[in-house]
Amino acid sequence: MNKLEIEISSEISNIVKIENFIENFIVYFQLPSELYGKISLSVIEAVNNAILSGNKRQSDKKVTVIAEKMDNQFRVTVKDEGEGFDYTTIPDPTLPDNIKKVAGRGLYLMKTLSDDLIFENNGASVTIVFNL
C-alpha cells in the first residue's frame, strides 16, 4: 500500500495525533531523514490552518490527512470542511510591509519547505509535494 490516512476532529489537542502519524509514515515509507523536518513543519502548519481557519475550531468538523508515496514524489494532502480561502495571494512575510503581520507566515513556510503546493476545493484542500 502506498497511501496512509488519518482523520481528526478540529481540536488543537489532536496535533499530537498528527505528530505520531507523521513519525509513522516517515518510517512506513522509509523516507530520507533529511526530509523529516520539512515534512513535519509543513504538515503541522497545514493541519493547524485547517483546524483554526478552515474549520474554525468546530470540533464536529474533521481534518483529513493523506500521505502517499509515488515514483519520485511524496505527497501529503490536508483537507478541511471549511469554505476555503484565496490562496492566490499569499503575502511574502519577508517584505517590509508584511514583517510585523502575524498571519501569512505558515503558508509561506509551507511553500518554502516543499517542492510544490497544490490547492484544491477552493483552498480547503492542500497537497504538499516533496521530490525524492
Side-chain angles (χ1 to χ4, degrees):
M1 186 168 96
N2 60 346
K3 186 190 277 190
L4 295 177
E5 187 172 327
I6 187 174
E7 187 179 83
I8 60 167
S9 58
S10 294
E11 299 168 63
I12 288 297
S13 59
N14 282 330
I15 290 290
V16 71
K17 291 180 182 175
I18 298 302
E19 290 169 342
N20 291 335
F21 180 64
I22 293 167
E23 287 176 25
N24 290 339
F25 73 58
I26 294 272
V27 171
Y28 181 85
F29 291 117
Q30 300 175 336
L31 298 174
S33 58
E34 61 269 15
L35 276 184
Y36 180 81
K38 290 179 177 184
I39 291 172
S40 187
L41 273 170
S42 300
V43 172
I44 289 169
E45 186 57 47
V47 171
N48 248 334
N49 287 350
I51 291 171
L52 300 175
S53 302
N55 291 340
K56 310 212 180 317
R57 284 192 174 179
Q58 295 173 314
S59 58
D60 59 318
K61 291 190 174 183
K62 304 291 182 209
V63 175
T64 305
V65 182
I66 303 160
E68 53 192 331
K69 188 174 181 183
M70 295 152 171
D71 303 326
N72 58 349
Q73 279 187 341
F74 182 73
R75 295 173 168 228
V76 181
T77 301
V78 177
K79 300 177 184 180
D80 62 54
E81 296 181 48
E83 295 173 16
F85 70 103
D86 182 5
Y87 52 86
T88 59
T89 57
I90 300 173
D92 181 345
T94 64
L95 293 176
D97 288 351
N98 299 330
I99 280 286
K100 293 187 173 154
K101 287 183 184 170
V102 178
R105 298 193 186 291
L107 283 172
Y108 181 80
L109 188 73
M110 289 162 55
K111 198 174 182 177
T112 306
L113 293 173
S114 67
D115 292 298
D116 197 12
L117 284 184
I118 302 164
F119 291 97
E120 294 172 303
N121 197 17
N122 206 30
S125 172
V126 61
T127 299
I128 312 160
V129 180
F130 300 92
N131 293 332
L132 299 174

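Counting heavy atoms from C-beta on, the side chains of D115 and Q73 never come closer than 4.5 Å. Using a 4.5 Å heavy-atom cutoff, the side chains of I22 and V76 are not in contact. Two residues are said to be in side-chain contact when any heavy atoms from C-beta on lie closer than 4.5 Å; I8 and V47 meet this criterion. Between Y87 and V126, the closest side-chain pair of non-hydrogen atoms is not below 4.5 Å. Counting only heavy atoms from C-beta outward, the side chains of N49 and M110 approach each other to under 4.5 Å. Using a 4.5 Å heavy-atom cutoff, the side chains of I12 and L52 are in contact.
Taking CG of L132 as the start and CD of Q30 as the end, the distance is 12.0 Å to the nearest 0.5 Å. Atoms CG and CG, on N24 and L4 in that order, are 8.0 Å from each other to the nearest 0.5 Å. Between the NZ atom of K79 and the NZ atom of K62 there is a distance of 15.5 Å, given to the nearest 0.5 Å. In this structure, CD1 in I6 is found 10.0 Å from CZ in F25, a value given to the nearest 0.5 Å. The distance from atom CD of E7 to atom NZ of K17, rounded to the nearest 0.5 Å, is 10.5 Å. Going from atom OG of S114 over to atom CG of L109 covers 9.5 Å, rounded to the nearest 0.5 Å.
In terms of heavy atoms, S59 sits closest to S9 at O-CB, 3.2 Å. Contact detail for L113 and F130: the closest heavy-atom pair is O-CE2, 3.7 Å. A pairwise comparison of heavy atoms in F74 and A67 identifies CZ-CB, 3.8 Å as the closest pair. The shortest non-hydrogen separation linking G82 to A124 is O-CB, 3.8 Å.
More than 12 heavy atoms of other shown residues, nucleotides or ligands fall within 6.0 angstrom of atom NZ in K69. Within 6.0 Å of atom CD in E83, 12 or fewer heavy atoms from other residues, nucleotides or ligands are found, so the atom counts as exposed in its surroundings. The number of heavy atoms from other shown groups lying within 6.0 Å of NZ (K38) does not exceed 12. Few gaps surround NZ on K61; more than 12 heavy atoms of other groups in view lie less than 6.0 Å from it.
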Would I66 and R75 satisfy side chain to side chain contact (heavy atoms under 4.5 Å, CB included), going step by step from the backbone distance to the final call?
-> CA-CA 8 Å; I66 303 160; R75 295 173 168 228; over 6 Å; no
Can you list the steps and then say if E19 with I15 is a side chain to side chain contact (heavy atoms under 4.5 Å, CB included)?
-> CA-CA 6 Å; E19 290 169 342; I15 290 290; 4.0 Å; yes
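Side-chain polar atoms of S10 and D80 form no donor-acceptor pair below 3.5 angstrom.
Partner of K111 under the side-chain contact (heavy atoms from CB on, under 4.5 Å) criterion, chosen from I128, D116, L117: L117.
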